[in-house]
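The chains referred to below are lettered A, B, ... by the order of the sequence lines, with proteins before strands, and numbering in each begins at 1.
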Number of protein chains: 2
Amino acid sequence: MSKATIYDVARVANVSIKTVSRVLNGEPKASPETRARVMEAARSLNYKPSLSARALSGSRSFLIALVSSGGVSDNAMLYVTELQMGAIQACRAGGYHLLTEYIDLNTSDFDALTETLASTLRVDGVILVPPLCDDPQLLSLLAERGVTCVRISPTLNPDQDDAWGWGVDIDNYRAAFQMTRYLMDQGHRDIGFIQGHPGHAAAAQRQAGYRDALFDGGPIPERLIQPGLFTFNSGLPAARALLGQAQRPTAIFAANDSMAMAVLSVAYKMGIPVPTALSVAGIDDLPAASVVCPPLTTVRQPVMEMGAAAARFIIDRTAGQVGSYLKQIFDHSLVVRESTAPPA
Amino acid sequence: MSKATIYDVARVANVSIKTVSRVLNGEPKASPETRARVMEAARSLNYKPSLSARALSGSRSFLIALVSSGGVSDNAMLYVTELQMGAIQACRAGGYHLLTEYIDLNTSDFDALTETLASTLRVDGVILVPPLCDDPQLLSLLAERGVTCVRISPTLNPDQDDAWGWGVDIDNYRAAFQMTRYLMDQGHRDIGFIQGHPGHAAAAQRQAGYRDALFDGGPIPERLIQPGLFTFNSGLPAARALLGQAQRPTAIFAANDSMAMAVLSVAYKMGIPVPTALSVAGIDDLPAASVVCPPLTTVRQPVMEMGAAAARFIIDRTAGQVGSYLKQIFDHSLVVRESTAPPA
DNA sequence: TCAGATAATGACAGCGCTGTCCCCGTTTCC
DNA sequence: GGAAACGGGGACAGCGCTGTCATTATCTGA
């Protein structure tokens, strides 16, 4: 059945176990014939190496951890699902496996987490999503233990970023700039903006993109801008403030989809038809973005690819390739759906 | 740093490594004093046992796999995220870890998956979500390999279910019955229904609940029922068919939230106001259900708890407790939001 | 009083691999 | 022609734990 070991393969192929190991790991020293013989033996025995044994004796664990935090219901989690999917695919291709860990930010025991990751699991790397990827304490604990990490959409700290791991992101500035320009092309000039979480670099970059597109770097009129925290709930009061004004904007651009959905919700309740009387746009292209009414115009991030790249980075790095420790920027794309139209 | 091994602990506590192992695993033979000494030594050294070593030498791997399939964008995935969260929590409590695996149903290589799970990872159990949890081929492969599995919302096969693992579910019949009755209490009599995927037992049970509540077991008029597949897209034509009739229903109950959202979308496009001219209800309480317009009346399943129970079952079983091989039913609850109201 | 039960612990052999070191036979090149 | 270099492969010692069995000390009851 499933009990074939490397010894069995070695016996059948008539070589030493070391040679089997070499062939299976693609190490150089092995003649083509031997290689073929071993492969054949392995296949015929339906041999699969044991992860634990490999991890115990070697220096790799073939394990990558994806660490997330935050409330379930917050639909930012959706983003994590997609990331995970990409990471799993990359893991599979590399013979790796993905562990999912979760940490409650309230009772956050970073020490225990780090210890588990580094000592018990000996993972080859961890993938950190916001806001964990920006936590200096966690980052430095991980760095101390020598755990490779990849940060998703990180807030780079100019002093530390090279010690805190590689990151993947989109060009948030350009994404916001383009979306704003798209809205302007439709004829909008009075475009409200809902900010993202102030602790997250992407928030500032998106705002800058909006500002530069609409005001050419000049100041943003106060009536057009409202604070937000990237959550649906934080978008509600912001939308109400923007839409409650005597002369309300003809379009609202929220720094992410969750908040854009909040705008949709408030507009609906106030009886403001979208997109005829109000255009709404977001960023992220959450799965829900296409099922809300009307479907949301947004910016799509290649989240799956980003997850895959993150995993691949760890795999390659563990295998020896030392990549430069920086940030990889992925292409985004404008997704125009039905929540935007020229102003009345 | 992080290099403490069981040898170090044994040395510090002045006992043999076997005794350390015993204490740390909560095995019976150990005097209170020794136990205390070992615990202290372990703490002072910040010792964490190596998962690989434990797995390699013992009979448990401390690993549970959550296997899912299906397209990312389908918002049924949200459900998986929540399950995962629950499972992770239970894992943590038991010293276990959760692996996430994904299988593409198109190229579904169940053999390779099973082999990986059983031979490479030697997981202590797998959690299967629909529709995987109903695939006879996968189920029997897993059973052959002796892999414990827990099925989420499974379609029980009367001949085989005791060989195919334990399951967790809600009482779909009652959930649908109650929702239908709720709609009736509001004054609705003309309630349309959108069916779930015919291969999934929950679909039939939900339909039966609806039928028994509304027609007391009698036949459902054809004009009130439409086929669906549990996906948003499959709900679109069903909703159009229901709402396109000359005398359209005053309420539509979809077998799940994704399809209920499709109804919302179609109603929106047809200019039918919800809930004033049409009530809409679903089942699942997806995260998105509360952010669509109007927020959806639905039935909440305790998905997180179900995930936790699934993991706990595997952990307990591996530790020795042999649970009865059946299905555990969790309580659901009606969540009344704004998509339902008495008919005009 | 003494065999036998019970409690508390240790010795030791692996689990199934990888890393390190070593060996043998061919080339290669001055 | 001989030393060095290289390609191909094996022996062997662990990695850090758990399982099994042995050992000692203490206790039990007829």
Side-chain angles (χ1 to χ4, degrees), chain A residues 2-39 41-42 45-63 95 116 118-122 124 318-320, chain B residues 2-38 41-42 45-63 95 115-116 118-122 124 318-320:
Chain A
S2 66
K3 307 208 65 180
T5 73
I6 197 172
Y7 296 106
D8 302 320
V9 179
R11 196 176 322 114
V12 171
N14 199 30
V15 293
S16 73
I17 57 166
K18 180 64 217 190
T19 297
V20 175
S21 171
R22 271 198 272 260
V23 171
L24 264 30
N25 287 294
E27 283 169 34
K29 321 285 209 72
S31 71
E33 316 145 23
T34 313
R35 198 172 291 276
R37 213 147 24 94
V38 169
M39 294 301 261
L45 289 169
N46 202 5
Y47 168 74
K48 302 277 171 187
S50 149
L51 231 247
S52 324
R54 299 227 280 168
L56 185 57
S57 72
S59 54
R60 295 185 290 174
S61 66
F62 303 94
L63 250 28
T116 301
S119 300
T120 298
L121 299 167
R122 289 173 180 9
D124 288 341
T318 308
Chain B
S2 67
K3 307 206 66 178
T5 72
I6 196 171
Y7 296 107
D8 302 319
V9 179
R11 195 175 321 114
V12 171
N14 198 30
V15 293
S16 73
I17 57 165
K18 181 63 219 193
T19 298
V20 176
S21 170
R22 272 198 273 262
V23 171
L24 265 29
N25 287 294
E27 283 169 33
K29 321 289 206 71
S31 73
E33 317 145 25
T34 313
R35 196 174 294 276
R37 213 148 22 95
V38 170
L45 289 168
N46 202 4
Y47 168 73
K48 302 277 171 186
S50 149
L51 233 245
S52 323
R54 298 229 279 168
L56 184 58
S57 72
S59 52
R60 295 186 289 174
S61 66
F62 303 93
L63 252 25
E115 213 47 64
T116 301
S119 300
T120 298
L121 298 167
R122 289 174 184 359
D124 288 340
T318 308

Test log, rule side-chain contact (heavy atoms from CB on, under 4.5 Å), inputs B/I17 and B/T5: CA-CA 10 Å; B/I17 57 165; B/T5 72; over 6 Å; no

Side-chain N,O ([X]) to OP1/OP2 ([N]) below 4.0 Å:
X	N	result
A/S21	C/dT18	yes
A/T19	D/dG10	yes
B/S16	C/dG10	yes
A/S50	C/dC17	no

Check whether B/S61 reaches the backbone of B/R122 with its side chain - one donor and one acceptor, N or O, closer than 3.5 Å.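 Between the backbone of B/R122 and the side chain of B/S61 there is a qualifying donor-acceptor contact (under 3.5 Å).
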
Is there a donor-acceptor pair closer than 3.5 Å between any side-chain N or O of A/R37 and the backbone N or O of A/A13?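 Indeed, once roles are kept as given, a pair shorter than 3.5 Å links the two residues.
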
[X] [atom1] to [N] [atom2], straight-line distance once rounded to whole Å:
X	N	atom1	atom2	answer
A/R60	C/dC17	CZ	C1'	13 Å
B/L121	C/dG16	CG	C1'	15 Å
B/R54	C/dG16	CZ	P	18 Å
B/I6	D/dG16	CD1	P	11 Å
B/N14	C/dA8	CG	C1'	15 Å
B/L56	C/dC15	CG	C1'	4 Å
A/I17	C/dT18	CD1	P	9 Å

Just call it for A/S59: base, sugar-phosphate, or nothing, with non-hydrogen atoms closer than 4.0 Å on any strand.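 If one applies the 4.0 Å heavy-atom cut-off, A/S59 turns out to touch the sugar-phosphate alone, with no base involved.
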
Mapping A/G58 and B/R37 onto DNA chain C by nearest heavy atom, which one lands closer to the 5' end?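 On the 5' side of the pair lies B/R37.
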
Can you name the closest pair of heavy atoms from A/V9 and A/V38 and give their distance?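 That would be CG1-O, 4.1 Å.
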
Where do A/A41 and A/V12 come nearest, in terms of heavy atoms and distance?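 Nearest heavy atoms, A/A41 then A/V12: CB-CG1, 3.6 Å.
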
What nucleotide, of [options], holds the atom closest to the side chain of [X]?
X	options	result
B/Y47	C/dT18, D/dC17, D/dG16	D/dC17
A/R22	C/dG16, D/dG10, C/dG10	D/dG10
A/K18	D/dT18, C/dG16, C/dT18	C/dT18

5'-most contact on DNA chain D: B/Y7 or A/Y7, nearest heavy atom basis?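 Nearer the 5' end of the strand: A/Y7.
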
Can you give the donor-acceptor pairs under 3.5 Å from side chains of residues 52-60 of chain A to other protein atoms, not counting sequence neighbours?
{"residue": "A/R54", "atom": "NH1", "partner": "A/N25", "partner atom": "OD1", "Å": "2.7"}
{"residue": "A/S57", "atom": "OG", "partner": "A/A53", "partner atom": "O", "Å": "3.2"}

Is the closest side-chain heavy-atom distance between B/L24 and B/Y47 below 4.5 Å?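 The answer is yes, as the side chains (C-beta and beyond) meet within the 4.5 Å cut-off.
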
Please list residues of residues 23-35 of chain A whose heavy atoms come under 4.0 Å from any atom in DNA chain D, ordered by number; otherwise none.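 Close to the strand are A/K29, A/A30, A/S31, A/T34.
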
